[in-house]
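The block underneath contains the structure these notes are about, expressed in structure tokens.
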Amino acid sequence: IFEPMLGLIVLLISTLPLKVAWLENADKAAVPHISDNQKEFQGTTVEASKLIDQAQPTGSIAGSGTLDGEREWTSAEGVLATDRGLTPPQFPTSRRQLLQESETCPWLTPTAEDDVLKCADGTFCNRLYSIGGWGCCDGHGGRIKCPQNVPIMSAALDCASGTQECCCSTVEGCANYGGERPCFPHCVDQTRQVSENCQDTEEWADSEGFSCRDYYVQELCTIQGDYGNSSESLLKWSNASFSDYQMDDMSALEACLYTEGSTVTVNDSIYGYPHLENAVQNPSVETILLVHDVALDGTLPSVGRTLEVVGDCGAVHCELSGRQRHRIFVVGRGGALSLRRLALRWGYAQDPANGGAAYVGAGGRLRAEHCIFESNQAGTGVALYGEGASIVLSSCAVVGNIGGDAVIYVRNHTELVLTNRTDVSNNYIELGGAVGAYESSTVLLNASMLRQIYAIKNTAGMYLSESVAVLVESAIEENSGSQGTGVYAHSHVELVLSEGSSISYNLGRYRAGGIMTSDNCVDCKIRIMEASNLSYNYAAFE
């Protein structure tokens with residue numbers, strides 16, 4: 001359906017049908033050009049000895065803000081207008097429409113032909129007949145317009161070997177690639193740098209006394225400059241435009257850039273989701289403080305910059321609920337998302353079915369401290385999915401998640417760290433373990449535990465293929481799988497069970513309750529150090 005699909009690498013192990021169903025609609029015409037669009041992941045294999053010395057990796061990646069798709073209009077009663085036979089309001093011309101007409105941000109409109117891109121130097125190229133394929137704007141300043149058959153340009157530079165934006169058929173199709181590329185002509189230039197003058201006009205209010213914060217909290221307009229989706233917006237704009245309420249020769253479009261400083265507080269249930277959504281996609285916001293639970297109306301916009309989301313709900317974790325309909329977070333290239341004191345519950349991943357609570361894409365980083373990942377569902381990476389990424393969980397609980405392949409699934413040079421008593425327990429999966437690591441990924445368990453995982457097939461603890469895993473004062477215990485229940489090593493694997501660590505009390509319903517290597521395990525190195533424990537593992541039929 002959209003260009004980035006061409007670069008996906010086939011997974012090493014098949015899982016639930018849900019995991020691959022989204023591929024059925026792939027653009028058949030684009031198939032011959034797969035070689036032109038293979039994604040390139042940068043990374044090096046980390047030696048196991050170095051992992052032991054790096055129990056607390058730090059660091060962040062600065063990047064740009066991104067925005068996601070539009071939501072359906074809802075009535076004041078909170079139901080979809082189309083469900084009641086109503087017609088959404090016809091608002092006056094918005095800033096987005098004006099920008100499309102003025103070509104201030106040329107990527108907002110596509111070229112007039114299928115498969116033809118426009119480059120920054122004004123040249124056009126057809127990706128079907130150009131030598132560079134989708135990379136035909138290389139050497140011409142990059143692409144500034146997508147073809148009309150895939151008209152939406154992404155915010156993240158994830159295509160053409162990671163040098164250019166992607167082209168998608170819909171806004172939703174760009175969700176895993178930074179969302180739709182934003183247009184902030186007064187705030188963010190085409191190089192994605194936030195202007196120093198990007199701030200609200202102090203003490204401004206419209207002719208009715210509504211301040212910039214009122215526009216923000218009541219969702220009277222969006223960060224893109226459109227009219228908002230709230231019931232208050234419907235009432236205010238039903239017979240008026242932004243300019244009708246201007247003051248001091250400025251409307252909200254000129255006066256307000258939604259930059260309430262670097263910290264935004266989400267403190268109510270009525271406007272919780274739109275407020276949080278706007279804050280996530282606002283490039284100037286560095287910290288979001290939640291003081292109230294929030295139920296999502298859609299997956300939050302992809303994070304493409306350094307952003308911290310902190311819960312402050314008293315004695316309990318602030319809950320972000322996907323309502324069994326939506327994945328909660330997506331972290332794209334250049335994104336560094338930090339989560340603290342949050343409960344990510346009822347996330348649901350579909351199209352693609354990876355990462356029920358969070359999907360961390362190539363070049364993205366996720367760090368969670370004192371967080372709960374609970375009751376999430378997905379075909380692959382039931383709670384978390386990382387691809388060419390970095391994921392750190394510190395003092396977290398990953399519990400009660402249900403799905404297909406692995407509770408936490410990492411591939412393509414992803415670095416995964418579970419530290420400071422992180423507990424992955426009581427999850428129910430089809431196969432793949434509490435942790436599944438593939439394609440030169442590295443896993444460090446530091447003072448943490450994988451326990452009481454039930455897997456229908458294969459391992460319940462950890463599945464390793466072409467990857468490195470180190471346990472430091474950690475345990476894989478009391479799990480139930482069919483074979484290799486503690487750890488299953490497929491090929492090109494290095495496993496280190498260091499001092500103070502344990503793989504014990506695991507049950508293999510078919511064979512090998514502790515550690516098992518495949519029959520063709522090539523270059524598998526397993527080191528069990530003194531004062532570690534590999535005992536009381538059982539196989540029912542071996």
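Heavy atoms only: backbone and side chains are in, while hydrogens, waters and symmetry mates are out. Start at 1 with the first residue, then count along the sequence.
- The two atoms that bring Ala378 and Ala349 nearest to each other are CB-CB, 3.9 Å, heavy atoms only.
- Centroid-to-centroid, the aromatic rings of Tyr505 and Tyr538 stay 6.0 Å apart or farther.
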For the pair Glu473 and Ser501, evaluate side-chain hydrogen bond (donor to acceptor under 3.5 Å, both in side chains) and give the outcome as yes or no after the intermediate values.
CA-CA 4 Å; Glu473 297 184 351; Ser501 293; over 6 Å; no

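- Side-chain atoms of Asn427 come within 3.5 Å of backbone N or O of Gly400 as a donor-acceptor pair.
- Counting only distance, with no hydrogens or angles, the side chain of Ser535 and the backbone of Asn533 share no donor-acceptor pair below 3.5 Å.
- With Leu393 as the fixed residue, the side chain to side chain contact (heavy atoms under 4.5 Å, CB included) test singles out one of Leu339, Val424, Ile408, Val417: Ile408.
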Pair Arg451, Glu478 - check salt bridge (charged side-chain N to carboxylate O under 4.0 Å, His left out), show working.
CA-CA 6 Å; Arg451 64 187 181 94; Glu478 302 175 11; 5.1 Å; no

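- Thr419 and Asn446 share a side-chain donor-acceptor pair at under 3.5 Å.
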Given side-chain hydrogen bond (donor to acceptor under 3.5 Å, both in side chains), test Arg509 with Ser480 step by step and report yes or no.
CA-CA 7 Å; Arg509 295 187 302 276; Ser480 176; 2.9 Å; yes

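- Within the structure, the disulfide (SG to SG under 2.5 Å) test picks out no pair touching residues 370-426 (sequence neighbours left out).
- Under the 4.5 Å side-chain criterion, counting only non-hydrogen atoms from C-beta, Leu366 is not in contact with Val392.
- Counting heavy atoms from C-beta on, the side chains of Leu276 and Leu300 come closer than 4.5 Å.
- When only modelled atom types and interatomic distance are considered, Ser502 and Glu477 share a side-chain donor-acceptor pair under 3.5 Å.
- Across Leu445 and Ser474, no two heavy atoms sit closer than the pair O-OG, 3.0 Å.
- Look at Arg340 and Glu369 and you find no salt bridge, because none of the NZ, NE, NH1 or NH2 atoms lies under 4.0 Å from a carboxylate O.
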Take Arg527 and Leu497 through the side chain to side chain contact (heavy atoms under 4.5 Å, CB included) test and state the conclusion after the steps.
CA-CA 6 Å; Arg527 290 190 285 169; Leu497 188 62; over 6 Å; no

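- For the residue pair Ser482 and Asn458, no side-chain donor N or O sits within less than 3.5 Å of a side-chain acceptor on the partner.
- Listed by chain and residue number, Ala295, Asp297, Ser321, Arg325, His326 satisfy the side chain to side chain contact (heavy atoms under 4.5 Å, CB included) test with Arg323 (two or more places apart in sequence, or in another chain).
- The line from NE2 of His292 to CD of Glu319 is 11.0 Å long, rounded to the nearest 0.5 Å.
- Using a 4.5 Å cut-off on side-chain heavy atoms (C-beta onward), Glu466 and Val493 make no contact.
- Looking only at side-chain heavy atoms (C-beta outward), Val468 and Val443 stay at 4.5 Å or farther from each other.
- In plain terms, the two heavy atoms of Asn537 and Ile503 that are nearest each other are ND2-O, 2.9 Å.
- Asn354 approaches Tyr359 most closely through the heavy-atom pair O-CD1, 3.7 Å.
- Listed for the Asn506 side chain is a donor-acceptor partner under 3.5 Å among the backbone atoms of Asn479.
- The distance from the CE atom of Met449 to the CG atom of Leu471 is 10.5 Å, given to the nearest 0.5 Å.
- Atoms CG and NE2, on Asp523 and His492 in that order, are 6.0 Å from each other to the nearest 0.5 Å.
- Summarising the geometry of Val382 relative to Asn376, their closest heavy-atom pair is CG1-O, 3.3 Å, with the distance given to 0.1 Å.
- Side-chain polar atoms of Tyr409 and Glu387 form no donor-acceptor pair below 3.5 angstrom.
- Distance alone, capped at 3.5 Å, is enough to place a donor-acceptor pair between the Ser448 side chain and the Leu418 backbone.
- To the nearest 0.5 Å, the span separating CD1 on Ile402 from CD on Gln377 amounts to 6.0 Å.
- Side-chain atoms of Thr299 come within 3.5 Å of backbone atoms of Arg327 as a donor-acceptor pair (strictly under, hydrogens ignored).
- The backbone N or O of Glu308 sits nowhere less than 3.5 Å from a side-chain atom of Ser338 that would complete a donor-acceptor pair.
- Side-chain contact between Cys318 and Arg341 is absent, with no heavy-atom pair separated by less than 4.5 Å.
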Decide side chain to side chain contact (heavy atoms under 4.5 Å, CB included) for Arg411 and Tyr385; before the verdict, give the C-alpha distance in whole Å, the side-chain angles of both, and the deciding distance to 0.1 Å.
CA-CA 8 Å; Arg411 64 188 292 253; Tyr385 184 98; 3.1 Å; yes

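- For the pair Asp293 (side chain) and Leu320 (backbone), a donor-acceptor distance under 3.5 Å is absent.
- Side-chain atoms of Glu430 and Lys457, non-hydrogen and from C-beta on, do get closer than 4.5 Å to each other.
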Please evaluate residues Cys166 and Cys174 with respect to the criterion disulfide (SG to SG under 2.5 Å), reporting the C-alpha separation (whole Å), side-chain torsions for both, the decisive distance (0.1 Å), and the verdict.
CA-CA 8 Å; Cys166 301; Cys174 276; over 6 Å; no

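- Each of Leu342, Asp312, Val310 was evaluated against Leu290; a single residue qualifies, Leu342, per the side chain to side chain contact (heavy atoms under 4.5 Å, CB included) test.
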Apply the test salt bridge (charged side-chain N to carboxylate O under 4.0 Å, His left out) to residues Arg345 and Glu374: give CA-CA distance (whole Å), side-chain angles for both, the deciding distance (0.1 Å), then the verdict.
CA-CA 5 Å; Arg345 294 191 174 104; Glu374 183 177 12; 2.8 Å; yes

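- A donor-acceptor pair is defined here as one N or O able to donate and one able to accept, closer than 3.5 Å; no such pair exists between the side chain of Ser441 and the backbone of Ser467.
- Put simply, the side chain of Ser440 never gets that close to the backbone of Asn412: no donor and acceptor are under 3.5 Å apart.
- Annotation: side chain of Asp423 is not in contact with side chain of Arg421 (no heavy-atom distance under 4.5 Å).
- At distances below 3.5 Å, at least one donor-acceptor pair connects side-chain atoms of Thr422 with backbone N or O atoms of Ser395.
- Residues satisfying the ring-ring contact (aromatic ring centres under 6.0 Å, His included) criterion with Phe329, sequence neighbours excluded, are absent altogether.
- Inter-residue side-chain proximity for Ile429 and Asp405 is flagged as unmet; no heavy-atom pair is nearer than 4.5 Å.
- In this structure, Tyr536 places its OH atom where only 12 or fewer heavy-atom neighbours from other residues, nucleotides or ligands lie under 6.0 Å away.
- Of all non-hydrogen atoms in Arg365 and Val331, the two that sit nearest each other are O-CG1, 3.7 Å.
- Across the pair Cys167 and Cys159, the gap between the SG atoms, which is the quantity tested here, reaches or exceeds 2.5 Å.
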